[in-house]
Protein chains: 2
Amino acid sequence: MAAVDRSLVANLPMFAGLTPTEQDELLREARSIRYSKGAAVFDQGAEADRFFVLLHGHLRVEKTTSQGQQSVARYVSAGELFGVAQAMNLTHYPATAVAAVDSIALAWPSSSWHRLIVKYPSLASTALQTVGSRLQDTQARVMEMSSEQVEQRVAHALLRLAKQAGKKVDAGVEIDFPISRQDVAEMTGTTLHTVSRILSAWEQQGLVEGGRQRIVLRDTHRLHSLAEGEEAVRANKRAP
Amino acid sequence: MAAVDRSLVANLPMFAGLTPTEQDELLREARSIRYSKGAAVFDQGAEADRFFVLLHGHLRVEKTTSQGQQSVARYVSAGELFGVAQAMNLTHYPATAVAAVDSIALAWPSSSWHRLIVKYPSLASTALQTVGSRLQDTQARVMEMSSEQVEQRVAHALLRLAKQAGKKVDAGVEIDFPISRQDVAEMTGTTLHTVSRILSAWEQQGLVEGGRQRIVLRDTHRLHSLAEGEEAVRANKRAP
DNA sequence: CGACGAAGTTGAGCTGGCGCAACCTGGGCG
DNA sequence: CGCCCAGGTTGCGCCAGCTCAACTTCGTCG
């Protein structure tokens, strides 16, 4: 475990509003940990003994029901606070976090949480905002799933991914980590077959560009109209 | 506005962990407001100038999409903290809260939030737990909507309502406020028609007892198996 | 460099539940 | 006391998207 320099983290939301001295104090209590692609940062159901800030990389957060149904809750990007189960009074992690690419995180023991928020109230505010914006996102997903067709939901999901983890590339915006059709299906509540059909149709229209575990958005504007239901690229149109 | 006695609120989560003196101080800054059935406590999109604790009654929290699609996000019961938009760094309420029955709430100005959590860190903890458990619930809903049939989702929704706001009655457990088929549909992402068919079928089996804006669960045990997908009371069974 | 497996594509058929429509019912108000 | 209407029920037909299945492509590991 290497010491982490303050300059690397000073502009993260979690450290904003703290003096350099306070930042150093906080950092002194943290460990920096490296996770290689595919490794789990924590597992659903495990004791929530730490909370984290992601320094580098991307994590996929997945939930599995008792019946074995799996679903992708969200992706975590660099700078975000995550694994704050303890702060919400949970004793165990409610989901699994897996490194989608090689990643680095800072970890604090959950037991310090209470002491830290008393000492640094801004920490509590940051956590509230983090959890609050997750709640917003999740509620948005519920509304999409109640009222939108699969095609719109997939469009929304891709646009959200692009906003959160989009890398500008000559052909458009590329999702910055490997993501399968199955992953997209698990984010939108559909099957990989349907996602595949939709992406194929879109590719024909020049809306996206696919590939193995790879999605590039070529026309975010039209994807937006699709997402808002202003038009539709019917995927199962029958040839006459 | 009447002064609120500490003894009425001392055992609410929000006031736990505070000394009687602190409780009094907090109360002194609050206003108590009465809402009659159907009145809005706040409207989606309005400036988030206050946060609340519900003292008595039940609220329905609804969200409407830009396309006009409405959905019920949750119900608030007595004792709960709500309307904490400001704490999540939102300037406007993301949903509308309507009194499902005559209700009473305590209100604080949002502008005091920051000062209060610095003074009473336990407030921040309470808020985090509140928001956290909402996040849990919402994520559970997403998973249900991805992997369950409508019938299971309705069963889950009713059981959740009963747990949160169930009143023991001779025939079983009654939802403690008026709730329409439409409301249930908006909680489960289906249509009032489908809910009606399902409840009718269940009523024939003696699982529930219906009525205008009224639902009584008569066999929570079988409803649980239904919710877990262990059996199914097919609603559209065709007569041979 | 061959072959095995993970990821993706595509076809065909079936069905849950939605949309539409007509109708019933009980509670409240004039 | 009778009318009105919000809330509820029910029948019918249709189709989006799921299931099942076969096949292709790509990457990687022995």
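The chains referred to below are lettered A, B, ... by the order of the sequence lines, with proteins before strands, and numbering in each begins at 1. Please read all numbers here as calculations on a predicted model, not as lab measurements.
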Summarise protein proximity over nucleotides 1-11 of chain C in one line of letters, 5' to 3': B for base, S for sugar-phosphate only, - for none, counting protein heavy atoms closer than 4.0 Å.
-----BBSBBB

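Under the side chain to side chain donor-acceptor pair (under 3.5 Å) criterion, B:R160 pairs with B:E144, not counting sequence neighbours. Under the side-chain contact (heavy atoms from CB on, under 4.5 Å) criterion, B:T130 pairs with B:L81, B:T126, B:R134, sequence neighbours left out.
Under the 4.0 Å criterion applied to side-chain N and carboxylate O atoms, B:E203 and B:R218 are not assigned as salt-bridge partners.
In this pair, B:H58 and B:F177 present their aromatic rings tilted. The plane angle is within the 30 to 60° band.
For the helix from C:dC1-D:dG30 to C:dG30-D:dC1, the terminal axes (five pairs an end, C1' atoms, rotation from four pairs onto the next four) enclose an angle of 40°, given to 10 degrees.
One interatomic measurement links the two molecules: CD of A:Q149 to C1' of C:dG16, which rounds to 15 Å at whole-angstrom precision. Rounded to an integer number of Å, the gap from B:M145 CE to C:dG17 C1' is 13 Å. Note: CD (A:E148) to P (D:dA16) measures 16 Å, nearest angstrom.
Taking 4.5 Å as the limit, every side-chain heavy atom of A:Q70 sits out of range of all side-chain heavy atoms of A:K63.
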Donor-acceptor contacts, no H, no angles, side chain residues 33-47 of chain B, under 3.5 Å, sequence neighbours left out:
unit_1, atom_1, unit_2, atom_2, d
B:R34, NH2, B:D102, OD2, 3.4
B:Q44, OE1, B:T64, N, 2.8
B:Q44, NE2, B:T64, O, 2.9

What side-chain donor-acceptor pairs closer than 3.5 Å can you find for residues 166-173 of chain A, not counting sequence neighbours?
none

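In summary, the side chains of A:E62 and A:T96 do not present any donor paired with an acceptor at a separation below 3.5 Å, with no hydrogens or angles considered.
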